[in-house]
Structures are given as C-alpha cells and as structure tokens.
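Report on one structure; see the data block that follows.
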Number of protein chains: 2
Amino acid sequence: MTGEERPDSANGRRAQLLKGVAELALLSLLGERPQYGLEILERLRGEAGVELAAGTIYPLLHRLERGKLTRAEWRIEDDGARPRKYYALTDLGREELASQLVEWRRLAKALNAFLDRRRTK
Amino acid sequence: MTGEERPDSANGRRAQLLKGVAELALLSLLGERPQYGLEILERLRGEAGVELAAGTIYPLLHRLERGKLTRAEWRIEDDGARPRKYYALTDLGREELASQLVEWRRLAKALNAFLDRRRTK
DNA sequence: ATATCATATCTTGCTATACAAGATGACAGG
DNA sequence: CCTGTCATCTTGTATAGCAAGATATGATAT
C-alpha cells in the first residue's frame with residue numbers, strides 16, 4: 001500500500017457502483033432463458049452495461065444456487081462444443097427478481113429525482 | 001451463523017444496492033452547501049431514499065476528507081446548539097461529483113433499458 | 001500421438017464499504 | 001448532579017466485487 005489511495009480511481013468506483021446491481025441484472029437475464037457462465041458475462045457487458053470479471057460471475061452463480069434462486073445442469077449442445085453448465089431461474093428466483101426490480105426502481109427513481117433537483121438549482 | 005443464509009433477506013440486499021450510491025448521493029448533497037453528519041443522514045434518507053446507518057456516514061466522511069474531496073471545520077451556530085462538524089466540497093470533490101454523475105447516469109440508463117426490454121418480451 | 005490453443009469453470013487471496021453496537025463527549029432541564 | 005438527547009467516532013463482522021491463476025475439455029495443427 002502506497003499510503004494515500006484516493007477513493008476515486010475509476011476501476012475502484014465502477015466496482016462499487018456495481019454492487020447489488022450485478023445480481024439483479026443476472027436474474028433478469030436468466031428470466032429470459034437458461035444460460036451458461038461466459039454467455040452471461042458477455043451479454044451483461046454488451047446489453048446491460050454491467051462489466052463483471054470472470055472471477056465474479058462464478059461465485060455469484062454458486063451463491064444463487066445455494067439460495068435456490070437458480071438451478072444448474074450440464075448440457076451438451078449440438079454445436080460440437082464441450083459441455084457447459086446452464087443456469088435457470090427457479091420459481092423462488094422469479095419472486096426474488098420481482099422484488100429486486102421493485103427495490104431497484106424505487107432507488108433509481110428517488111436518487112435520480114434527488115440528483116436532478118440539485119443540478120438545476 | 002445458522003448455516004444456510006439465503007442471499008435475499010431484505011436488509012442484506014438493500015445494503016448491497018446502496019454500495020457505491022451512498023458516496024454519490026452524499027457528494028451531491030454537499031454540493032448544495034456544507035452540512036454536518038446527522039443532518040446529512042436525515043436528508044439522504046428523506047430526500048434521496050438512501051438509508052445509511054450512523055456507523056456508515058462517519059467513516060465515509062473521513063474517507064472523503066482523506067481523499068481531499070471534502071474539507072471539514074467545527075462551527076458554532078447561533079441556535080445555541082453545541083459545535084458541529086461541517087463538511088464542505090472541495091474543487092476536487094466537485095470534479096469527482098461530476099464524474100460519478102456521468103457514471104451513474106450511464107449505468108442507470110443502460111440497466112433500465114435492459115430491464116425494460118426483458119419485461120415486455 | 002501430442003502439443004497447443006481457445007473455451008469454460010472454479011478457487012484463492014485481497015480490498016472496499018456497509019452494518020450493528022457501543023464508546024465518548026457536550027449541553028440542557030429537572 | 002443526574003439523565004436524556006444530540007452528535008461524533010470506533011470496533012468488529014459480513015458481503016461482494018476484483019485479479020490472477022488452476023484445472024479441464026475439446027478442436028486444430030504438427
């Protein structure tokens with residue numbers, strides 16, 4: 001540690017903004033159809049603007065599975081690729097998604113209004 | 001620890017959603033005028049929908065001060081109250097606020113579009 | 001066959017930031 | 001002087017992200 005780390009290095013802050021949002025984005029994505037790790041990673045980055053590291057997605061997937069929000073199975077596709085582990089939402093996962101959606105919208109709306117109010121003053 | 005903590009207890013998740021957002025809300029609030037700890041806490045809760053604990057706000061304020069994003073001074077108001085420590089944004093703090101605003105809006109916009117797309121399908 | 005490359009999953013060790021609970025101190029009113 | 005309230009700050013714990021690298025499989029080239 002060099003001693004005076006400022007809290008505003010772009011990498012560090014992006015990570016902080018992501019907290020809590022990663023799980024929601026993932027649940028929403030899986031709500032569409034079952035998908036596997038790297039596929040999830042790429043779609044979150046490309047479509048949701050959420051850049052997770054590979055070392056982040058697997059622990060997250062395991063946590064969701066332990067909490068019974070997702071269910072996993074190995075599958076072999078006809079594209080001749082190696083087996084991949086597909087994660088699917090459970091019913092509990094769908095409930096959780098709905099509840100996180102409500103909470104996210106509440107926070108985003110309140111915070112945006114708050115920020116806008118201050119900006120135009 | 002009882003052994004099987006599900007990741008969806010409301011308290012736990014709210015905390016996660018807050019991560020990264022607390023600092024932005026605080027910077028924005030201080031952009032208006034210097035304020036002290038408990039005042040900040042109440043306004044963030046009431047106006048921004050961001051519920052921080054008292055044990056969260058002071059370490060956060062100290063971190064910002066160490067990073068030279070804020071400057072603090074003890075002040076005595078005429079309302080006969082005891083001295084309070086007022087925190088004010090520095091120029092660096094204003095830059096940081098601007099940059100976090102950009103990042104927040106990018107993420108909120110991308111994620112909202114992503115979530116909406118999936119919902120109507 | 002075997003070496004190598006790309007894909008894919010998972011683990012380890014670290015850091016950042018939030019929380020709960022409680023310590024500390026100052027002032028006001030009884 | 002004692003007690004309650006306001007206000008700041010500290011300590012210990014948990015969560016969730018990251019970087020880096022280990023491991024495994026199948027495809028392709030030698």
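If you take CG on B:Leu107 and CD on A:Glu51, they are separated by 11.0 Å, rounding to the nearest 0.5 Å. To the nearest 0.5 angstrom, A:Leu26 atom CG is 5.0 Å from A:Ile57 atom CD1. The CZ atom of B:Arg94 lies 9.0 Å from the CG atom of B:Leu30; values are rounded to the nearest 0.5 Å.
Atom CG in A:Leu26 sits about 13 Å away from atom C1' in D:dA16, given to the nearest Å. Straight-line distance from the CD1 atom of B:Ile76 to the C1' atom of D:dA7: 14 Å, rounded to whole Å. Rounded to a whole Å, the CD1 atom of B:Ile40 is 12 Å from the C1' atom of D:dT8. Atom pair B:Leu44:CG and C:dT17:P shows a separation of 16 Å (rounding to whole Å applied). In this structure, CD of A:Glu51 is placed 21 Å from P of D:dA16, rounded to the nearest angstrom. If you measure from atom OH of B:Tyr58 to atom P of C:dA20, you get 15 Å, rounded to the nearest angstrom. The distance between atom CD of B:Glu77 and atom C1' of C:dA26, rounded to the nearest whole Å, is 16 Å. To the nearest angstrom, C1' of D:dA7 lies 11 Å from CG of B:Leu41.
Across C:dC19, D:dG17, C:dT11, the shortest atom-to-atom separation from the side chain of B:Leu52 is found for C:dC19. Side chain of B:His62, nearest nucleotide from C:dT11, D:dC9, C:dC19: D:dC9. With D:dA19, D:dC9, D:dA7 as the choices, the nucleotide that has an atom nearest any side-chain atom of B:Leu38 turns out to be D:dA7.
For A:Glu47, the side chain to side chain contact (heavy atoms under 4.5 Å, CB included) test picks out A:Arg43, B:Phe114, B:Arg117, B:Arg118, with sequence neighbours left out. Listed by chain and residue number, nothing satisfies the side chain to side chain donor-acceptor pair (under 3.5 Å) test with A:Glu77 (two or more places apart in sequence, or in another chain). Take B:Tyr86 and apply the side chain to side chain donor-acceptor pair (under 3.5 Å) test, not counting sequence neighbours, and it matches no residue.
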*How far apart are the C-alpha atoms of B:Trp104 and A:Leu111, what are their side-chain angles, what is the distance that settles it, and do they pass the side chain to side chain contact (heavy atoms under 4.5 Å, CB included) test?*
CA-CA 10 Å; B:Trp104 160 257; A:Leu111 186 56; 3.7 Å; yes
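Classification of B:Arg106 and B:Glu103 as a salt-bridged pair holds, one side-chain N sitting under 4.0 Å from a carboxylate O. Taking 4.0 Å as the cut-off between side-chain N and carboxylate O, A:Glu39 and A:Arg84 do not count as a salt-bridged pair.
Of the side-chain N and O atoms in B:Arg84, none sit less than 4.0 angstrom from OP1 or OP2 of D:dC6. Side-chain N/O atoms of A:Arg63 include none lying less than 4.0 angstrom from OP1 or OP2 on D:dA14.
Residues in residues 107-116 of chain B take part in these salt bridge (Lys or Arg N to Asp or Glu O under 4.0 Å) pairs, two or more places apart or across chains: A:Arg105-B:Asp116.
The residue among B:Lys85 and A:Thr56 whose nearest nucleotide of DNA chain D lies closer to the 5′ end is B:Lys85. Checking A:Glu39 against B:Leu60, the closest nucleotide of DNA chain C that is more toward the 5' end is the one next to A:Glu39.
Near DNA chain D, defined here as any heavy-atom distance below 4.0 Å, the residues from residues 27-37 of chain B are B:Tyr36, B:Gly37, listed numerically.
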Table of protein N/O atoms under 3.5 Å from nucleotides 21-27 of chain D N/O atoms:
from, atom 1, to, atom 2, distance (Å)
D:dA24, N3, A:Arg82, NH1, 3.4
D:dG26, O3', A:Gly80, O, 3.4
D:dA27, OP1, A:Gly80, O, 2.7

